[in-house]
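Here the structure is laid out as structure tokens; the discussion comes afterwards.
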Amino acid sequence: MKRFKRMLTLLSLSAVLAIAGCGSGNSTVANEGSASPEGNQAADTSATETAKLQVKTSFYPMYEFTRQVAGDLAEVENLIPPGVEAHDWEPTPQDMAGITEADVLVYNGAGMEGWVDQVLESVQGTELTVIEASKGIEIMEGSGHSHEHEEDADHSHDEHAHEHEEEADHSHDEHAHEHEEDGHQHDHGGLDPHVWLSPAMAVQQVRSIEAGLAEAAPEHKEAFKANADAYVSKLEALDQEFRDGLKDAKRKDFITQHAAFGYLAREYGLTQVPIAGLSPDQEPSAAQMAEVIEFAKEHDVKTIFFETLVSSNVAETIASEIGASTSVLNPIEGLTDEDTAANLDYIAIMRQNLEALQKALNE
């Protein structure tokens with residue numbers, strides 16, 4: 001495994017330097033050698049750190065889930081920097097080189113990372129362990145249908161086999177608008193990749209990550225399980241907070257800027273009415289705007305949700321037209337500078353989303 005090769009290389013170099021030091025008659029070298037226990041400890045510490053799993057993650061939720069499972073047994077690095085919208089990001093040659101040098105790549109799948117097929121093709125034949133966190137989860141289509149990712153014991157990625165089956169649609173077919181593609185639009189292939197926005201689905205993703213890390217470093221299997229169990233307990237508590245907080249809401253429908261909250265809506269008996277489609281880059285037509293405005297007036301909607309990292313102009317236009325207010329419903333595709341400064345994480349931001357929904361659905 002790559003990390004063991006790096007550790008052996010470092011230890012070999014330390015041995016060579018130690019031999020060279022023993023053979024030298026230079027008094028300065030001898031004095032440095034007198035502190036050899038401390039020096040050896042530093043070398044051993046460095047070797048241990050180098051031996052950690054080197055893990056790359058595709059965007060923030062994957063980073064957070066992986067970090068929680070790996071604990072101090074891995075160096076986890078997110079490919080997308082804070083403040084960058086995940087739909088728009090593409091890996092640079094430097095990013096590609098970093099992925100190739102890593103032990104593990106964790107990504108969401110279901111079409112979220114449009115660049116991932118290119119990456120997977122480039123790493124074929126390497127020792128990279130690839131973890132698709134949404135594998136095994138029933139994937140919704142933008143039209144409300146669902147696909148189930150084919151189960152695969154091999155976390156090093158096979159072609160997806162999606163099995164079509166009907167799904168109870170809480171993302172509302174009549175209000176899930178399909179838009180023509182243009183050159184600037186991120187394409188999810190018609191699938192809704194935003195599974196992490198349901199805490200119940202997040203639990204499944206954490207378990208997939210746990211299994212993949214255990215495959216990459218089986219000697220740490222029990223530690224990964226203990227870390228995953230602890231984090232899953234927190235996610236299950238969050239899931240219960242959503243169930244308790246939304247079950248008695250006065251209304252069940254909410255308007256949001258793009259169709260990111262289908263899994264959350266389905267899980268908690270709500271109806272998502274998106275202004276645009278699955279990507280925040282999609283712009284609604286005038287007719288689609290008029291349809292949403294009509295729906296908002298008929299249902300006395302008082303809050304229009306927009307999101308971080310993208311322009312709120314469309315939401316503000318509709319809110320102004322109907323005399324409503326706007327509020328943030330965060331898809332957590334990345335952290336803003338403010339989120340980072342406030343030390344907010346996935347669970348904290350999801351609690352903010354719950355508070356925003358409770359307020360809007362009880363106006």
Side-chain angles (χ1 to χ4, degrees), residues 55-70 75-92 94-96 98-99 102 104-116 119 131-134 184-188 191-199 201-202 205-206 209 231 235 238 256-264 274-282 305-315 326-356:
V55 183
K56 303 287 187 180
T57 60
S58 60
F59 67 113
Y60 174 71
M62 300 303 101
Y63 168 80
E64 177 66 6
F65 298 165
T66 302
R67 186 180 69 85
Q68 293 289 339
V69 176
E75 297 290 343
V76 183
E77 181 181 357
N78 199 30
L79 289 166
I80 303 180
V84 175
E85 215 290 317
H87 293 266
D88 299 331
W89 186 84
E90 294 286 340
T92 65
Q94 183 178 359
D95 294 320
M96 294 287 284
I99 293 170
V104 179
L105 171 66
V106 181
Y107 73 105
N108 183 78
M112 180 64 190
E113 300 92 344
W115 46 268
V116 78
V119 170
I131 303 173
E132 182 184 12
S134 65
H184 305 286
Q185 180 174 304
H186 186 92
D187 179 21
H188 294 305
L191 301 178
D192 183 351
H194 304 88
V195 293
W196 64 90
L197 288 169
S198 161
M201 299 295 99
Q205 293 197 297
V206 167
I209 292 168
Y231 192 55
L235 293 176
L238 178 67
T256 188
Q257 188 157 315
H258 97 276
F261 298 92
Y263 294 95
L264 184 151
I275 300 170
L278 290 170
S279 169
D281 295 333
Q282 292 175 315
F305 287 113
F306 67 96
E307 63 192 64
T308 56
L309 301 181
V310 296
S311 171
S312 61
N313 288 345
V314 172
T326 59
S327 183
V328 170
L329 199 59
N330 194 336
I332 325 182
E333 292 171 0
L335 297 182
T336 65
D337 292 338
E338 292 77 11
D339 294 335
T340 303
N343 292 318
L344 296 180
D345 60 10
Y346 170 85
I347 289 178
I349 295 172
M350 284 299 292
R351 286 197 173 112
Q352 290 181 343
N353 283 343
L354 174 58
E355 291 173 4

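Positions are given from 1 along the sequence. Remember, it's a predicted structure, so these values are computed and weren't measured experimentally.
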field: Residue pair Val328 / Ala356: nearest heavy atoms and the distance that separates them
entry: O-CB, 3.7 Å
- request: Would you check if Met350 and Leu264 make a side-chain contact, meaning some heavy-atom pair closer than 4.5 Å?
  value: yes
- prompt: Could you state the interatomic distance from OG1 (Thr57) to CD (Glu64), rounded to the nearest 0.5 Å?
  reply: 10.0 Å
task: Return the minimal non-hydrogen interatomic distance between Gly109 and Pro193, and the atom names on each side.
output: O-CB, 3.8 Å
query: To the nearest 0.5 Å, what is the distance between OH (Tyr231) and OG1 (Thr66)?
result: 10.0 Å
query: Which heavy-atom pair separates Leu197 from Asn330 by the least distance, and what is that distance?
result: CD2-O, 3.8 Å
message: Looking at every heavy atom in both Phe306 and Ser312, which two are closest together, and how far apart are they?
response: CD1-CB, 3.4 Å
field: Distance in Å, Ser311 OG paired with Glu85 CD, rounded so as to fall on 0.5 Å steps
entry: 12.0 Å
- request: Identify which one of Asn313, Thr326, Val310 satisfies the side-chain contact (heavy atoms from CB on, under 4.5 Å) criterion when paired with Gln257.
  value: Val310
- request: Measure the shortest side-chain to side-chain distance between Ile349 and Leu335 over non-hydrogen atoms and say whether it is less than 4.5 angstrom.
  value: yes
task: Hey, could you give me the CG/CE distance between Leu235 and Met201, rounded to the nearest 0.5 Å?
output: 11.5 Å
Shortest non-hydrogen contact from Asp192 toward Tyr263: O-OH, 2.5 Å
query: Of Glu132, Glu113, His194, Gln205, which is the lone residue that meets side-chain hydrogen bond (donor to acceptor under 3.5 Å, both in side chains) with Asn108?
result: Gln205
Qualifying residue for ring pair (Phe, Tyr, Trp, His ring centres under 6.0 Å) with Trp196, from Phe59, Tyr346, Phe261: Phe59
- prompt: Does any non-hydrogen side-chain atom of Leu238 lie less than 4.5 Å from one of Leu354?
  reply: no
message: Just so I know, are the side chains of Ile80 and Tyr60 near enough to count as touching, which here means a heavy-atom distance under 4.5 Å?
response: no
query: What pair of heavy atoms forms the shortest contact from Met112 to Ala86, and how long is it?
result: CE-CB, 3.7 Å
task: Drop me the distance from Arg67's CZ to Glu77's CD, to the nearest 0.5 angstrom.
output: 14.5 Å
message: For residues 334-347, which residue pairs pass the salt bridge (Lys or Arg N to Asp or Glu O under 4.0 Å) check, not counting sequence neighbours?
response: none
message: Between His87 and Trp89, is the ring centroid distance below 6.0 Å?
response: no
query: So, do Ile99 and Leu79 sit near enough that their side-chain heavy atoms are less than 4.5 Å apart?
result: yes
